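Keep in mind the model is a prediction, meaning the values are calculated, not measured. In what follows, chains are A, B, ... by sequence order, proteins preceding strands, each numbered from 1.
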2 protein chains.
Amino acid sequence: MQSGQEHTLSEFRQQCRAAGLSLTHQREVIFLAVTASKGHPSPESIYDEVRRQIPSISLATVYKNIRTFLEAGLLREVSPHHGSLRLEANLIDHHHLVCTRCKAIVDLAETDIEPVHLKRELPSGFRVLRYSVEFQGLCPDCVADIKTP
Amino acid sequence: MQSGQEHTLSEFRQQCRAAGLSLTHQREVIFLAVTASKGHPSPESIYDEVRRQIPSISLATVYKNIRTFLEAGLLREVSPHHGSLRLEANLIDHHHLVCTRCKAIVDLAETDIEPVHLKRELPSGFRVLRYSVEFQGLCPDCVADIKTP
DNA sequence: TATTAAACGAGAATCATTATCCAAATGTCA
DNA sequence: TGACATTTGGATAATGATTCTCGTTTAATA
Ligand SMILES: [Mn+2]
Ligand SMILES: [Mn+2]
Ligand SMILES: [Zn+2]
Ligand SMILES: [Zn+2]
């Protein structure tokens, strides 16, 4: 063993124990592939990576375990807006309140928040065209639904 | 005529002319359905709405015209993160720089921006759990690609 | 180590979206 | 306005992403 990921690996094992997930070789390799990737990988790219260590692994296994990790809180989704296209007719800059449960999206006027200030330069070479703030949480309906399921 | 949308409709006709799009009944009804919806509708929900006025319309027509409107700038997508799942291994609150062309996602530490301040109360009943700022634009690679295509 | 529940692999199924192809509608101009 | 060229619409097949099903294998645990 000279991998340099012993810490992450033992953390992973402990997180699985805490979450009541059984430890499989596939899970270890999938999880480490996600954490080792510098960016924000897609399931396909994780599959490509994992297959180098487990050529026989199934894409469905990758998807299943990613979902398991998301549900257990070991990983997150970058955005709640993945899945279906949502249209914006309001072309004026503004922000959003997003219900992570029912996917409702409510506008917040640009003037409802103070302008965002950067404390430092952005990574050089990136051309920013706009920004928006997304408040994630639960809409009133979903708050009620959760209290009385 | 007593619809109350003459203004939006004539605006739409003018925007189509400006963009070189021919005017069809389907396009009018689709566009008005999007602008009339208070929220941020999905193509399916627009299809459901439009079918009440044009029962014979095809779902493909709805999708094609939505894409046409997006390309012409008459509508926008709520988020650039729609399509495929992207995983987040960094569970600490932070923000993102997103390239709208190649979908690259780069982390910005929470401490890289000043805390966001609301100028007024949020719509009542919404339970906010977190927020994040998304800077959209072009990554260095895509900036270069566009200059030299 | 034997038992049992959970996970895996292969592939079918589903969902969202796009492509294809022919008929119908639109735009242009005489 | 009418003919013609072009674009668009409708039906449906195809695609890409994701989930489901089911029989086999593996992990947990006593
Ligand atoms: Mn909006
Ligand atoms: Mn991130
Ligand atoms: Zn909700
Ligand atoms: Zn890019």
Residue pairs involving residues 75-86 of chain A (criterion side chain to side chain donor-acceptor pair (under 3.5 Å); sequence neighbours excluded):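 Qualifying pairs: A:H81-A:E134.
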First locate atom [atom1] of [X], then atom [atom2] of [Y], and finally report the distance between them rounded to the nearest 0.5 Å.
X: B:F31; Y: B:N65; atom1: CZ; atom2: CG; answer: 11.5 Å
X: B:L9; Y: B:L23; atom1: CG; atom2: CG; answer: 8.5 Å
X: A:L138; Y: A:K147; atom1: CG; atom2: NZ; answer: 10.5 Å
X: A:D107; Y: A:S132; atom1: CG; atom2: OG; answer: 10.5 Å
X: B:S37; Y: B:I46; atom1: OG; atom2: CD1; answer: 5.0 Å

Contact interval (first through last nucleotide) of DNA chain D with protein chain A, 4.0 Å heavy-atom: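 Reading along DNA chain D, I get D:dA17 to D:dA28.
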Residues B:L108, A:L122; criterion side chain to side chain contact (heavy atoms under 4.5 Å, CB included); working and verdict: CA-CA 8 Å; B:L108 275 184; A:L122 289 180; 3.8 Å; yes
Validation row: A:V116, B:F135 side chains within 4.5 angstrom (heavy atoms):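 Answer yes - side chains close enough.
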Separation of [N] [atom2] from [X] [atom1] (nearest whole Å):
X: B:Y47; N: C:dC15; atom1: OH; atom2: P; result: 15 Å
X: A:L85; N: C:dT18; atom1: CG; atom2: C1'; result: 13 Å
X: B:D48; N: C:dA16; atom1: CG; atom2: C1'; result: 14 Å

B:P140 backbone acceptor or donor facing A:R127 side chain under 3.5 Å: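 Not a single qualifying donor-acceptor pair exists.
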Backbone N/O of B:P41 and side chain of B:S45: donor-acceptor pair under 3.5 Å: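 No; judged by distance alone, with no hydrogens or angles, the pair does not exist.
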A:I92 atom CD1, neighbour heavy-atom count above 12 within 6.0 Å: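 Not more than 12 within 6.0 Å, no.
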Greater than 12 external heavy atoms within 6.0 Å of A:K119's NZ: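 Atom NZ in A:K119 is packed in, count exceeds 12.
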Angle of first-five versus last-five pair axes in the helix from C:dT1-D:dA30 to C:dA30-D:dT1, to 10 degrees: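 The two end axes of the helix from C:dT1-D:dA30 to C:dA30-D:dT1 meet at 40°.
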Which protein N or O atoms sit under 3.5 Å from an N or O of nucleotides 27-30 of chain C?
| residue | atom | partner | partner atom | Å |
| --- | --- | --- | --- | --- |
| C:dG27 | OP1 | B:L23 | N | 3.0 |

Working for side chain to side chain contact (heavy atoms under 4.5 Å, CB included), residues A:L74 and A:Q15: CA-CA 7 Å; A:L74 275 66; A:Q15 287 179 294; 3.9 Å; yes
Closest approach of B:I105 to A:H40 (non-hydrogen atoms, all atoms of both residues):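 Taking every non-hydrogen atom into account, O-ND1, 3.1 Å.
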Sidechain N-carboxylate O distance under 4.0 Å for A:D145, A:R101: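 Here A:D145 pairs with A:R101 in a salt bridge, since their nearest N and O are under 4.0 Å apart.
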Nucleic acid contacts - residues 56-77 of chain A versus DNA chain D, non-hydrogen atoms under 4.0 Å: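 Only A:L59, A:A60, A:Y63, A:R67 qualify.
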Stretch residues 25-40 of chain A: residues that reach within less than 4.0 Å of DNA chain C through a heavy atom: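 Here the set is A:Q26, A:R27.
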